[in-house]
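Read through the structure below, which is laid out as structure tokens, and then see the notes.
Atom set for the values below is all heavy atoms of this structure, side chains included, hydrogens, waters and symmetry mates excluded. Reminder, nothing fancy here: chain letters follow the sequence lines and each chain counts from 1.
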There are 2 protein chains.
Amino acid sequence: MEQNIIVSVDVVLFTLSEGQLKIVLLRRERDPYAGQLALPGGYIHADKDRDSLASAERVLLNKTGLVSPYLEQLYTFSGGVRDPRGWSLSVAYYALVHESLLVPDAELRFELWPVAAVPDLPFDHNRIVDHAAKRLRDKSTYTSLPCHLLPELFTLTELQQTYEHILGVALDKSVFRRKLPELDFLEAVPDAIRQGKHRPAQLYRLRPDRRLTIFDKTV
Amino acid sequence: MEQNIIVSVDVVLFTLSEGQLKIVLLRRERDPYAGQLALPGGYIHADKDRDSLASAERVLLNKTGLVSPYLEQLYTFSGGVRDPRGWSLSVAYYALVHESLLVPDAELRFELWPVAAVPDLPFDHNRIVDHAAKRLRDKSTYTSLPCHLLPELFTLTELQQTYEHILGVALDKSVFRRKLPELDFLEAVPDAIRQGKHRPAQLYRLRPDRRLTIFDKTV
DNA sequence: GTAATAGTGTCTGTGAGACACTATGGT
DNA sequence: ACCATAGTGTCTCACAGACACTATTAC
């Protein structure tokens, strides 16, 4: 049963920075494509990893130093031509984190690139990024997914802007505020008020038991 | 780079029979679990298969003798405990065919089981079936997916009944007929009329360029 | 004629969208 | 006082749902 298949995971790690959707890329340390920017990825270790999700968590921790609160399997890419080493299969995941978790580190050198301007990547990583961005956008139209790009506490205006940045369209404030509470995946944090130059705003957080709420309507 | 991972594909093949959603199961010829009912599946052959989709097509052809007009990747299942032979990874696919394509064959012995009453299956095949059924139901609420369970030509009433069988709810005839044409994934076949005991019905077919139409509303 | 299925017309309530409005802070 | 942002009220149009209606066949 000699299959000679290279089995790995790759992770598309999204964050929102400077009002743009961005992903984490890092310079490959080894061949093939040593020195080039690519997605965080690595072999599945059958001796260490419970399953491919655990592999993705391990890769993410090793390469970016973080544990993502949201990590979901995206799609599996495979074939004989995607990796010069031979027939390969990669289970792709995508993750969402708030920018503050991406602390620059001398050891872990990663870069943030806008999804709209990702450079040419080795393997079929551009295809993976496109697939992930489409999934994120599609799923954001009918789920609470964008919450995971925000810090733990956030205002409704910030949440609305997050949806707008991902979807690329302006949303009506009144409509947005009417719909979201009905879906009750948010809870107002008592006495938590965002102070600013103007009228203070109520802070909300994602209900712990509602990490991904699916709406029956579009947002 | 000795990974010792068993890499395979499994296929959940759906059809509609006797007004019920059913799947194809077959008796395993080899160990492990020889003689037991399980999903059609097999190793990925790196020397033969272009990618895992090609593996799924080959497995389907070998085990059921058919080429499915609709075949989509479902999810990848993996881990150290799902197969007694060791750490394994299976890319699961699901397919939809009209009942007429499932011709019983002396060589290829497969059985049709209602999704609502699938027996205990080896590996994590019950989980795969559940995942596939959920995907089919979810996706049927906002896409033209159920078309693929019908023959090439069908009436609007048959299409409506197909949606009803999958979704498990009754739909209003008038609403259904108002919505579907707007989505123009169907075309009326000129002079093709279904004759029966009563008023004849116009026959439709899926537009070849619209194999999977995604609605912006629910059906 | 009746029965049965195909296919259409019409009313109504809900809710998305548009947008004007009020509220509350800083300066 | 004014500005900026937070947050709400209200009108309208579109459309899903309900259901009654017409149309066309077999008998």
Side-chain angles (χ1 to χ4, degrees), chain A residues 19 140-144 146-147 150-151 153-205 213-219, chain B residues 19 140-144 146-147 150-151 153-205 213-219:
Chain A
S140 293
T141 63
Y142 64 96
T143 72
S144 59
C147 289
L150 289 164
L153 301 184
F154 49 84
T155 67
L156 290 186
T157 300
E158 288 164 351
L159 181 58
Q160 181 180 343
Q161 288 169 345
T162 301
Y163 274 96
E164 289 175 336
H165 283 133
I166 297 174
L167 302 178
V169 296
L171 301 173
D172 184 90
K173 182 172 55 161
S174 173
V175 174
F176 188 81
R177 282 159 186 261
R178 241 184 292 146
K179 281 192 208 173
L180 288 215
E182 292 172 10
L183 306 165
D184 65 30
F185 63 95
L186 295 180
E187 57 188 12
V189 182
D191 303 321
I193 304 293
R194 161 82 30 98
Q195 299 291 343
K197 294 193 190 12
H198 305 291
R199 175 174 174 178
Q202 174 65 51
L203 286 167
Y204 292 80
R205 80 173 140 230
T213 299
I214 299 172
F215 314 155
D216 52 348
K217 309 280 178 186
T218 188
V219 68
Chain B
S140 292
T141 64
Y142 65 97
T143 71
S144 60
C147 289
L150 289 164
L153 300 185
F154 49 84
T155 67
L156 291 185
T157 299
E158 287 164 351
L159 180 58
Q160 181 179 342
Q161 288 168 346
T162 300
Y163 274 96
E164 289 175 335
H165 284 132
I166 296 174
L167 302 177
V169 295
L171 302 173
D172 184 271
K173 181 171 56 162
S174 173
V175 174
F176 188 81
R177 280 160 188 262
R178 240 185 293 145
K179 279 194 210 170
L180 287 217
E182 290 171 12
L183 306 165
D184 67 27
F185 62 94
L186 295 180
E187 57 188 10
V189 182
D191 303 321
I193 304 293
R194 162 79 34 94
Q195 299 292 340
K197 293 193 189 17
H198 304 290
R199 176 174 172 176
Q202 175 65 52
L203 286 167
Y204 291 82
R205 79 173 141 231
T213 300
I214 298 172
F215 313 156
D216 52 347
K217 310 281 178 181
T218 187
V219 69

Contact state string [nucleotides 17-27 of chain D, B base, S sugar-phosphate only, - no protein heavy atom under 4.0 Å]: BBB---BBBS-
Using whole Å, what does the distance between atom P of nucleotide dT5(C) and atom CD of Gln160(B) come to? 13 Å
With Tyr204(A), the side-chain contact (heavy atoms from CB on, under 4.5 Å) member among Leu186(A), Leu153(A), Val189(A), Leu159(A): Leu186(A)
Expressed as a whole number of angstroms, how long is the span from Leu156(B):CG to dT5(C):P? 16 Å
Can you check the Glu158(A) CD to dG7(D) P distance for me, whole Å? 11 Å
Between P on dA16(C) and CG on Asp216(B), what's the gap in Å once rounded to a whole number? 14 Å
Let me see the working for Thr143(A) and Thr213(A) under side chain to side chain contact (heavy atoms under 4.5 Å, CB included), right down to the final yes or no. CA-CA 5 Å; Thr143(A) 72; Thr213(A) 299; over 6 Å; no
Could you check how far CG of Leu171(B) sits from C1' of dA16(D), rounded to whole Å? 12 Å
In Å and rounded to the nearest 0.5 Å, what is the CG to CD distance from Leu156(A) to Gln161(A)? 11.0 Å
Rounded to whole Å, how long is the line connecting atom CG of Leu159(B) with atom P of dA6(C)? 13 Å
Starting from C1' on dG15(C), measure out to CZ on Arg177(A) and report it in whole angstrom. 19 Å
Below 30° counts as parallel, above 60° as perpendicular, anything between as tilted: where do the rings of Tyr142(B) and Tyr142(A) land? tilted
Nearest heavy atom decides the nucleotide; on that basis, is Thr157(A) or Lys217(B) closer to the 5' end of DNA chain D? Thr157(A)
Verdict with supporting geometry, Arg194(A) and Thr157(A), side chain to side chain donor-acceptor pair (under 3.5 Å): CA-CA 11 Å; Arg194(A) 161 82 30 98; Thr157(A) 300; over 6 Å; no
Can you check the Ile193(A) CD1 to dT5(D) P distance for me, whole Å? 18 Å
With a sphere of 6.0 Å drawn around CG of Asp191(A), does it hold more than 12 non-hydrogen atoms of other residues, nucleotides or ligands? no
